[in-house]
Amino acid sequence: MNFQNIIMKKRNGLELDDNEIRFFIKGYTDGEIPDYQVSALLMAVYFNGLNKRETLSLTKEMLFSGETVDLSAIEGIKVDKHSTGGVGDTTSMIVAPLVASCGVPVAKMSGRGLGHTGGTIDKLESIPGFKVELSIENFIKQVKQHKLALIGQTGNLAPADKKLYALRDVTATVENISLIASSIMSKKLAAGSDAIVLDVKIGHGAFMQTLDEAVELAKTMVEIGNGMNRNVVALVTNMDQPLGFAIGNALEVKEALQVLGGEGPSDLKELCLRLAVEMISIGLKIDSASARKKAEESLGSGKALAKFLDFIEAQGGDADYLKNPSKLPSSSKTIDVISPETGYIKAINALELGLCAMSLGAGRETKESKLDYASGILLNAKNGDFIVKGQTLATMHLSDSLKYDPDIESRVAGSFEIVPDKTDSSTKLILARVCESATDFY
Ligand code: URA
Ligand code: CA
């Protein structure tokens, strides 16, 4: 087979057959096909797309390009959760123990943060002692014993995607629905769960800017899952403001503790409940009303919080810090960001705030950047709120070790869109739900 012909076929808008897609992924993973040829193919795919069969075929090839995790030794339906990348998105840290506390085994593989999006692993590592370097064997043992374990992405999971994603990143070929869907799903499928609940974000900083595109991405991932005999459900959710109030690692752990204790910001709590309901109803084969009841009871009774502490301890973390959250890393210097005008908050640019939090030390500019767990941004106002000139919009928590760039203050202030008249403050959090049989809009 000749790779040049494969590029030409896609450039001319033709379909690639399964053998051609296999030749592409195998050849690229093995280093036999060079980056420059793959770049040309990616650009052809960007413009001409992949149909359902090609997308499923690409996902399968990437999925089987490396190791896959076998979770069959764990009893029950294993349900995973994935978000397409939020800002201040504290959900995984809350949803995983919440779902586990209701009896559904959660074997979670998470990533570290890069750029404006945070990673669950970084957040949890702000708890002294917590470790994610478990062997697969111990990971499975812990899920059996505690219903919940979390590891970092192991080196050899979907290596084809790792290589391709890095190339897409520098060739302006990330934003294609088939490429995003196959990339996410190849990793999720390799991680071995029976079912996957997806949180597909729309808005500033999300891959998809419109509801139509986000629903299309959600449908594509649901179809891939079904093509692989996995139950996949996707919620399409709004990111026209960060979730909750906290952006930053230890700040978000504290926020997670509030929600797990039955309190905390209402938008974050509601999204966590909705994601948990999907996972619990699949995992326990119950209807969503019963799943909602279980999840709410677990938050109200302290069961979810107890499961979080149990899980943190099982992975070496010191639960004392969670019983006394004031002991968690906290910043010795804070700056209040003041509102320059009076009015109603219409939108909060989550992407910009994510980037500001990153510059304060809460995120990584490059893979090598060091984090300051205490740093970040705590919002003081959200969409729909009335704010008077001079009131605090947000508080920046500065790093003790990083040099502070004074421009960040005006960037944080500028992230808040303030309008004179009351706007429709009922920002819808969940816009659509996609499953195999239906797409519902809310
Ligand atoms: N996340 C991924 O893992 N892959 C993409 O292509 C986009 C987001
Ligand atoms: Ca948050």
Side-chain angles (χ1 to χ4, degrees), residues 21 24-25 28-29 38-39 41-47 49-50 54-63 65-66 68-69 80-87 89 91-92 108-122 151-193 196-210 213-225 228 232 234-237 239 350-351 354 363-364 367:
I21 292 172
F24 156 41
I25 291 302
Y28 188 52
T29 313
V38 173
S39 303
L41 178 65
L42 288 171
M43 192 55 82
V45 168
Y46 178 86
F47 281 115
L50 297 174
E54 290 172 298
T55 305
L56 181 60
S57 179
L58 175 63
T59 310
K60 278 187 195 167
E61 293 305 327
M62 294 202 293
L63 156 61
S65 66
T68 56
V69 182
D80 200 352
K81 177 247 161 195
H82 180 79
S83 154
T84 63
V87 170
D89 184 345
T91 52
S92 283
K108 182 117 192 61
M109 200 168 277
S110 276
R112 293 183 189 278
L114 188 62
H116 67 278
T117 54
T120 303
I121 290 181
D122 297 324
I151 51 170
Q153 222 145 60
T154 68
N156 201 29
L157 210 78
D161 171 65
K162 208 177 209 169
K163 224 176 146 181
L164 263 186
Y165 195 27
L167 186 63
R168 286 166 57 210
D169 203 23
V170 295
T171 56
T173 51
V174 169
E175 295 88 351
N176 170 274
I177 286 178
S178 291
L179 294 178
I180 296 174
S182 56
S183 164
I184 292 174
M185 291 303 290
S186 64
K187 285 175 289 218
K188 286 283 126 183
L189 292 165
S193 283
I196 301 160
V197 173
L198 299 163
D199 178 3
V200 178
K201 305 281 188 189
I202 311 184
H204 285 300
F207 290 104
M208 299 294 138
Q209 307 302 321
T210 67
E213 281 177 330
V215 166
E216 186 66 31
L217 175 61
K219 278 186 179 165
T220 306
M221 291 194 281
V222 169
E223 277 162 7
I224 291 171
M228 299 298 292
V232 179
L235 297 180
V236 176
T237 71
M239 208 169 70
L351 168 62
R364 289 188 186 80
K367 274 197 201 114

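Order of appearance sets the numbers: ligands from 1, and atoms from 1 within every ligand.
Between the side chains of Ser92 and Lys81, at least one donor N or O lies within less than 3.5 Å of an accepting N or O.
In terms of the side-chain contact (heavy atoms from CB on, under 4.5 Å) criterion, residue partners of Ser57 (sequence neighbours excluded) are, by chain and number, Asp18, Ile21. The side-chain hydrogen bond (donor to acceptor under 3.5 Å, both in side chains) search around Arg112 returns Asp122, Glu125, not counting sequence neighbours. The side-chain hydrogen bond (donor to acceptor under 3.5 Å, both in side chains) search around Glu54 returns Lys10, not counting sequence neighbours.
Atoms OG and CG, on Ser178 and Leu58 in that order, are 8.0 Å from each other to the nearest 0.5 Å.
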Just the distances, no angles: every ligand 1 N or O to protein N or O pair closer than 3.5 Å, one line each.
from: ligand 1; atom 1: 3 (O); to: Ser183; atom 2: OG; distance (Å): 3.4
from: ligand 1; atom 1: 3 (O); to: Lys187; atom 2: NZ; distance (Å): 2.4
from: ligand 1; atom 1: 4 (N); to: Ser183; atom 2: OG; distance (Å): 2.6
from: ligand 1; atom 1: 6 (O); to: Arg168; atom 2: NH1; distance (Å): 2.9
from: ligand 1; atom 1: 6 (O); to: Arg168; atom 2: NH2; distance (Å): 2.8
from: ligand 1; atom 1: 6 (O); to: Ser183; atom 2: OG; distance (Å): 3.4

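Under a cut-off of 6.0 angstrom, the local environment of NZ in Lys219 is sparse, with at most 12 non-hydrogen atoms contributed by other residues, nucleotides or ligands.
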